[in-house]
Trainee: 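Quick one: the structure is below, and I'll ask about it shortly.
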Amino acid sequence: MTISTFSFLVLGIACIINTVHGEPFTDGFISIDCGISSAAAYNDSITNIPYVSDDQFINTGVKANISASFFSSSLARQLSTLRSFPGGSRSCYLLNVTQGQKYLVRAIFMYGNYDGRNRASVGNPLRFDLYLDYNLWKIVKLTGAAEVHRPEAIFVASAHTVSVCLIKTGTGIPFISVLELRPLDRNMYPYTNESQSVALTYRYNVMPTTNSSIRFPPDAYDRIWEPVTWHSDWDMISTTCSVRSNWSDYFRPPSAVMQTAATPSTNSSKLHFQFDYVNMDALVNQFYFIFHFSELLPNTKREFNIYLNDQFWYANYSPPHLVAGNVHNTVPSSDGLHYYRWSLDSSGVSPLPPILNALEVYTPMYHTNVPTDSVDVDAITTIMGQYQLKKNWIGDPCAPKGYAWDGLNCSYTSNSTSIETVNLSSSALAGAISDSFGRFTRIKYLDLSYNNLTGKLPKVLGTLSSLEVLNLTGNNLNGSVPDSLLQKSQNGSLILILEGNPNLVCTKGTSCDPTTDIRKAKKIPTLTIVAVCVLLPVVLLLVALYIRLRIKAKGLANNCLRVEMEVDRQSQLLQFENRTFTSQELITITNNFQRVIGKGGSGVVYHGYMEDGTQVAVKKLSQKSSQGTNEFIAEVQHLLRIHHKNLVSMVGYCMEGDYQALIYEYMVQGTLQDHIRGKIHSAIAFDWGKRLQIAIEAAQGLEYLHYGCKPPLVHRDVKTANILLSERLEAKIADFGLSKAIQNYDEASDIMTMTVVGTIGYLDPNYHSTFQLSEKSDVYSFGVVLLELITAEPPILEGMPDAEVHIRERVEERLKTRKIEEIVDSKLENKCDISSIRKAVDLAFRCTSRILQERPSMGNVITDLRESLQLQSISFRGNENLQMGSDEVSQNSAQEMEQLASSCPSAR
Ligand SMILES: *[C@@H]1O[C@H](CO)[C@@H](O)[C@H](O)[C@H]1NC(C)=O
Ligand SMILES: *[C@@H]1O[C@H](CO)[C@@H](O)[C@H](O)[C@H]1NC(C)=O
């Protein structure tokens with residue numbers, strides 16, 4: 001506790017009468033009237049402070065006027081307009097400041113029913129958060145349309161700019177009416193410094209002469225002193241003489257505020273007043289109190305004690321005559337009190353009672369966030385400047401937690417915050433890739449897809465040690481991919497997505513873009529490609545129509561036959577890459593089996609590059625076997641002919657000595673299981689519509705196996721780990737037919753094996769009694785997949801007390817006591833339509849029924865899933881781009897045509 005009093009003896013009678021000399025001194029003031037037009041700058045009629053539009057301080061939000069019924073001539077002009085932020089969850093103003101300077105900052109809010117929706121009421125306040133840089137400053141809470149909320153803070157600028165951010169934390173749409181910044185002198189409010197800011201709780205002019213508040217110009221710092229008369233039995237004493245503030249005074253209250261004071265009425269020697277923490281609207285129960293005193297009567301001495309909750313707080317204080325004096329604490333009161341009951345009582349030395357001229361109360365603003373690593377801030381700021389990004393990227397990139405800059409995701413630990421994802425997909429970035437992308441300290445995901453980036457891939461990207469995914473799809477990059485990146489991609493630490501950069505060279509002078517690649521590699525003249533591309537679909541269409549008509553004419557409504565014939569045609573005409581590989585080729589392709597991308601019952605899967613740069617997955621079969629069984633080869637060759645957009649295509653196989661391997665197209669985005677369980681950072685995890693779309697696609701793949709193939713193919717091992725995702729997150733079923741082939745094969749070699757029949761948790765329970773698997777077994781497994789999509793839980797919880805309980809029973813059990821929305825994966829954050837979920841749960845239950853007849857066909861599954869998706873899309877727009885087939889049959893054949901046509905670029 002310190003005291004600064006300056007005895008100033010006024011010898012003589014005359015005193016200085018308070019006058020304002022000359023023009024008010026507004027240097028360094030920033031005064032923003034939010035929502036006025038750029039050209040509408042003006043000087044306030046009372047304070048003469050110049051106000052400007054907020055256009056130059058923010059690039060987001062919507063201007064609005066308050067409703068006419070709240071407008072009046074006595075209303076401060078600044079309050080009649082505002083800017084609201086219905087769009088973003090984080091909207092920031094950026095103000096230029098002088099580093100090291102102390103400032104007072106004030107934001108003013110008056111709702112005024114600007115949107116005509118009466119959103120602010122006592123029962124339902126309009127609420128959002130206000131941040132000063134990365135610190136929570138105030139929770140704005142408006143309980144009426146005419147209410148004016150004026151949060152204020154004192155801080156020391158730690159940089160050349162300061163941000164004021166409005167954060168939409170709930171349903172309340174943030175807005176702001178006024179933003180003001182005032183420089184303070186360095187020695188004022190001494191407990192504020194670069195690491196400690198304070199927020200205003202109260203600033204009172206006790207016993208005023210008028211009902212209006214006092215601010216600039218009487219207060220040179222434009223603090224607002226609210227008039228207050230707490231007790232009817234207080235008397236006022238006042239003077240017309242000016243009350244000086246010494247230059248070394250920490251608080252410098254304006255004379256106009258100090259010229260009046262309260263004193264108890266004649267029959268009392270005490271001044272009492274009380275603050276309750278619950279009403280103080282502070283973020284913490286810790287307060288700095290400042291009592292301002294000045295003796296206003298000549299030739300008078302009074303002395304009093306100050307008590308807080310009946311305890312001595314300050315003893316024997318004697319206010320200086322016509323000079324501002326004060327008593328304040330330098331460490332905030334934090335005794336965990338729920339109320340602060342003040343009492344000023346005469347010490348007995350003087351017969352005169354105590355006085356009180358003014359009072360301020362502040363609360364410390366504690367760091368609610370760790371600021372983002374400065375290296376990251378520098379990098380992203382440089383990038384923003386280089387590409388002239390038009391984003392509301394203001395303030396700390398990651399703070400407040402959970403409200404990072406649009407396009408960024410951050411990781412937060414107790415002592416560090418860093419940028420984890422930079423997503424500038426489709427952000428119209430043009431020119432070279434900035435070296436600054438290589439400066440992030442802990443970045444994991446960098447998505448620069450679909451921009452106009454040109455030039456070489458900077459080597460520095462290879463130095464990002466935590467980078468897991470680099471997506472550069474759809475740019476126009478050239479040159480060769482740095483070895484460091486290729487190596488990481490080969491050894492599995494980095495997913496490198498380079499499609500759609502025809503001039504980018506991956507290995508041995510070949511393009512990274514598989515489509516352009518093949519053309520180049522095979523040296524097919526462009527004209528041929530064009531001719532083939534244009535003519536082939538037409539020919540295929542005619543062939544297909546012809547076959548179809550013939551089948552119809554013959555009355556053979558045999559879907560399998562039709563498709564089989566089409567597939568045969570297709571493979572004859574197009575000659576898919578159903579080739580055999582030698583073991584030596586496999587070693588080259590997989591770089592000696594370096595990068596494992598998966599392990600299954602039937603073998604280990606490796607990543608590889610074909611000689612033309614196409615990525616492939618090589619599955620080395622683990623089954624022990626004798627040499628080349630014809631049956632196995634026949635089966636594999638059958639599989640090689642199966643092509644559907646929701647089935648992972650096999651491109652070849654190897655049967656040579658120890659190397660028995662199958663070569664598949666590579667699925668960049670990995671397994672569905674990794675997406676749902678969070679191993680891969682993915683949009684699917686957070687979006688029910690996307691999950692349904694994946695389910696539909698997977699179901700289409702299965703349906704094709706069941707009804708499009710002759711003989712029908714039972715997958716036998718449907719699970720989320722066997723649903724793979726393409727670069728564009730399309731689902732494809734993997735590993736189909738294989739288990740059967742291997743089983744046959746093993747039978748032939750007299751080894752009975754069960755390892756490849758199903759996976760525990762997904763396997764049809766009927767299998768244990770019948771040892772037979774049918775299409776309905778796949779339907780069962782698919783039902784489990786569906787439950788997994790809904791809950792994000794594995795079929796069997798390992799290591800849990802209820803470990804043996806299957807997902808179906810768990811969900812069923814929970815639904816007995818809980819609502820359907822409570823069983824849904826929490827990552828979906830209520831962004832799912834309940835009837836859509838209910839439909840999906842119901843479908844999953846029917847699929848996983850023990851009674852085979854109750855299980856739907858995959859065709860029915862698709863229909864139900866589409867309906868479920870429709871429900872979701874209606875409730876949550878944003879999935880409009882999903883195709884909703886009204887007529888399934890016509891859509892199916894359209895798909896097949898599309899498939900045939902799209903296979904064109906692979907033509908040799
Ligand atoms: C607000 O009112 C002014 C004056 O009536 C008008 O010119 C302006 O267009 C209004 N602004 C909005 C956003 O409605
Ligand atoms: C980046 O954003 C786009 C859409 O804006 C989205 O499709 C993509 O998945 C995002 N990438 C990452 C890595 O989050």
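Positions are given from 1, in the same order as the sequence printed here. Each ligand, and each atom within it, is numbered from 1 in the order the structure gives. Just so we're clear, the structure is a prediction, and the values are computed from it rather than from any experiment.
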Trainee: Do me a favour and list the nearest non-hydrogen protein atom to atom 12 (C) of ligand 1 with residue, atom name and distance?
Mentor: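 Here the nearest protein heavy atom works out to Asn65 ND2, 3.4 Å.
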Trainee: Does the protein place a non-hydrogen atom closer than 4.0 angstrom to atom 9 (O) of ligand 1?
Mentor: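 No, there is no protein heavy atom closer to it than 4.0 Å.
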Trainee: Heavy atoms only: which of Asn423, Asp447, Leu424, Leu470 is nearest to atom 1 (C) of ligand 2?
Mentor: Asn423
Trainee: Could you check whether Arg77 makes a cation-pi contact with Tyr51, meaning its NZ or CZ is under 6.0 Å from the centre of the six-membered ring and within 45° of the ring axis?
Mentor: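 Judged by the rule, Arg77 and Tyr51 form no cation-pi pair.
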Trainee: Just jot down the ligand 1 atoms closer than 4.0 angstrom to any heavy atom of Lys63, in number order.
Mentor: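 This gives 13 (C) as the contact atoms.
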Trainee: How many angstroms lie between atom CG of Leu424 and atom CG of Leu446, to the nearest 0.5 angstrom?
Mentor: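 One finds 8.0 Å between CG of Leu424 and CG of Leu446.
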Trainee: To the nearest 0.5 Å, how far apart are OG1 in Thr454 and CG in Asn501?
Mentor: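 Spacing of OG1 (Thr454) from CG (Asn501) equals 10.5 Å.
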Trainee: Could you give all pairs that pass the ring-ring contact (aromatic ring centres under 6.0 Å, His included) test and reach residues 454-489, with sequence neighbours left out?
Mentor: none
Trainee: Counting only heavy atoms on the protein side, is anything nearer than 4.0 Å to atom 5 (O) of ligand 2?
Mentor: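 It does not: no protein heavy atom is found less than 4.0 Å away from atom 5 (O) of ligand 2.
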Trainee: Counting only heavy atoms from other residues, nucleotides and ligands, does the tally under 6.0 Å from NZ of Lys456 exceed 12?
Mentor: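 No, because the 6.0 Å sphere around NZ of Lys456 holds 12 heavy atoms or fewer from other groups.
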